[in-house]
Amino acid sequence: MGRGRVELNRIEKKINRHVTFSKRRSGLLKKAHEISVLCDADVGLIVFSPKGKLYEYATGACMGRILERYERHSYEESQLTATNIESPVSWTVEYAKLKARLENLQTSQRHYMGEDLNTLCLKELQNLEHQLAASLKRIRTRENQLMNKSIAELKKKDKALQDENTLLLKKIKEEKELSQKLQQEQNHDIISSSVPQLLSSGEHGEVEGQSQSSNAVIPPWMINHLHESNRRG
């Protein structure tokens, strides 16, 4: 025979009521965990004991995210069922929701700043620590990316400066060689223009006098060069 329907009533004995609460609470938390794992569902369970003690279970240990999702879903449902003419009551409800959400965000911000931590339990403090560690890890990763990018740009600029310096040194060397070449050509032109004058003076019998006067002006190497050119002629 099947089990008959049991009528649920408040347990009068305090001890029996406390034992039943402990057993049913454990089973309820277990069932919430099972449906979360088996069905990949987001579950948020909140239970207050008769003495006001809180028991909770949240998927991923993030009750705030589930409550925020519930508020958003409730708001969307209310928007779909609301009439086109908005009453002052709807504005009051919306204001209350936004105010509560703002207070939650401000509380979370104070917690992230290390303030008002006395109201948090050990589990909440551990969750806050994990969130801050993850945020710090992302910050350091971004910082390393920017530093590596800056170093790469500096290396690129340094290489460009080195290439420009090498090009300038090459131009200076080419200009110096060109200047030396022009100087040599000018010296050669001076020597070539002096040879006919000395040869003409030798034909009129004034070679000796010109040689004596030229020795005081023309360097010895030039005189030897002129004599050599004269003998060849």
Side-chain angles (χ1 to χ4, degrees), residues 1-140:
M1 295 178 62
R3 185 177 180 180
R5 184 175 181 181
V6 179
E7 184 178 359
L8 297 178
N9 293 314
R10 181 177 182 272
I11 301 176
E12 296 297 333
K13 291 186 179 180
K14 185 177 181 180
I15 297 177
N16 294 340
R17 188 166 61 245
H18 178 71
V19 172
T20 302
F21 173 79
S22 299
K23 291 181 179 180
R24 295 295 181 101
R25 183 203 69 217
S26 300
L28 184 61
L29 294 174
K30 182 179 179 182
K31 290 297 182 181
H33 175 69
E34 290 176 353
I35 192 174
S36 172
V37 175
L38 295 175
C39 303
D40 195 20
D42 286 340
V43 179
L45 175 63
I46 299 175
V47 179
F48 285 98
S49 69
K51 294 183 178 180
K53 188 175 181 180
L54 172 65
Y55 300 92
E56 63 175 332
Y57 173 81
T59 304
C62 188
M63 181 65 72
R65 179 177 59 83
I66 295 177
L67 292 176
E68 182 180 355
R69 183 178 178 184
Y70 170 76
E71 291 178 357
R72 185 170 62 251
H73 179 76
S74 299
Y75 172 73
E76 292 174 354
E77 289 291 331
S78 63
Q79 289 294 104
L80 291 175
T81 57
T83 59
N84 295 330
I85 301 176
E86 296 182 352
S87 63
V89 178
S90 64
W91 282 108
T92 303
V93 174
E94 181 64 19
Y95 171 76
K97 290 182 178 180
L98 292 176
K99 184 178 179 181
R101 185 174 181 182
L102 177 61
E103 291 177 354
N104 291 333
L105 292 175
Q106 291 176 346
T107 302
S108 299
Q109 184 179 7
R110 288 195 297 270
H111 291 166
Y112 288 137
M113 297 297 294
E115 302 174 356
D116 297 341
L117 300 180
N118 295 331
T119 59
L120 300 179
C121 63
L122 178 60
K123 186 177 182 180
E124 292 173 337
L125 289 174
Q126 291 175 347
N127 292 335
L128 179 62
E129 183 181 4
H130 293 328
Q131 292 176 3
L132 291 175
S135 299
L136 183 60
K137 183 178 179 181
R138 290 192 294 269
I139 292 172
R140 288 177 176 173

Open item on the list: For a quick test of reading the model, state the closest non-hydrogen atom pair linking L45 to A32 and the distance between them.
Closed with: CD2-CB, 4.1 Å
Check: [Y] and [X] side chains under 4.5 Å, non-hydrogen atoms:
| X | Y | value |
| --- | --- | --- |
| D42 | R69 | yes |
| E71 | K97 | no |
| Q126 | L122 | yes |
| Y57 | M63 | no |

For residues 24-31, which side-chain N or O atoms pair as donor and acceptor with protein atoms under 3.5 Å away, sequence neighbours left out?
residue, atom, partner, partner atom, Å
R25, NH1, Y55, OH, 3.4
S26, OG, S22, O, 3.0

- [ ] Without swapping roles, check the side chain of S108 against the backbone of N104 for a donor-acceptor pair under 3.5 Å.
- [x] yes
Open item on the list: Has T59 got a side-chain atom pairing as donor or acceptor with S36's backbone, closer than 3.5 angstrom?
Closed with: no
- [ ] Take I46 and L54, measure what side-chain contact (heavy atoms from CB on, under 4.5 Å) needs, and give me the verdict at the end.
- [x] CA-CA 7 Å; I46 299 175; L54 172 65; 3.5 Å; yes
- [ ] Using side-chain contact (heavy atoms from CB on, under 4.5 Å) as the criterion, list what pairs up with N16, not counting sequence neighbours.
- [x] I11, K13
Task: By side-chain contact (heavy atoms from CB on, under 4.5 Å) - contacts of I35 (at least two apart) - done: C39, V43
Open item on the list: As an exercise, state the distance from CD of Q131 to CG of L136, rounded to the nearest 0.5 Å.
Closed with: 13.5 Å
- [ ] Could you go through the side-chain hydrogen bond (donor to acceptor under 3.5 Å, both in side chains) check for T20 and R17 one step at a time?
- [x] CA-CA 5 Å; T20 302; R17 188 166 61 245; over 6 Å; no
[atom1]/[X]: more than 12 non-hydrogen atoms of other groups inside 6.0 Å:
| X | atom1 | answer |
| --- | --- | --- |
| I15 | CD1 | no |
| E115 | CD | yes |
| N9 | CG | yes |

Task: Derivation of the side-chain contact (heavy atoms from CB on, under 4.5 Å) call for R72 and E68 - done: CA-CA 6 Å; R72 185 170 62 251; E68 182 180 355; 4.2 Å; yes
- [ ] Step by step, work out the side-chain contact (heavy atoms from CB on, under 4.5 Å) result for L105 and Q109.
- [x] CA-CA 6 Å; L105 292 175; Q109 184 179 7; over 6 Å; no
Open item on the list: Can you tell whether the side chains of R101 and E103 come within less than 4.0 Å, N to carboxylate O?
Closed with: no
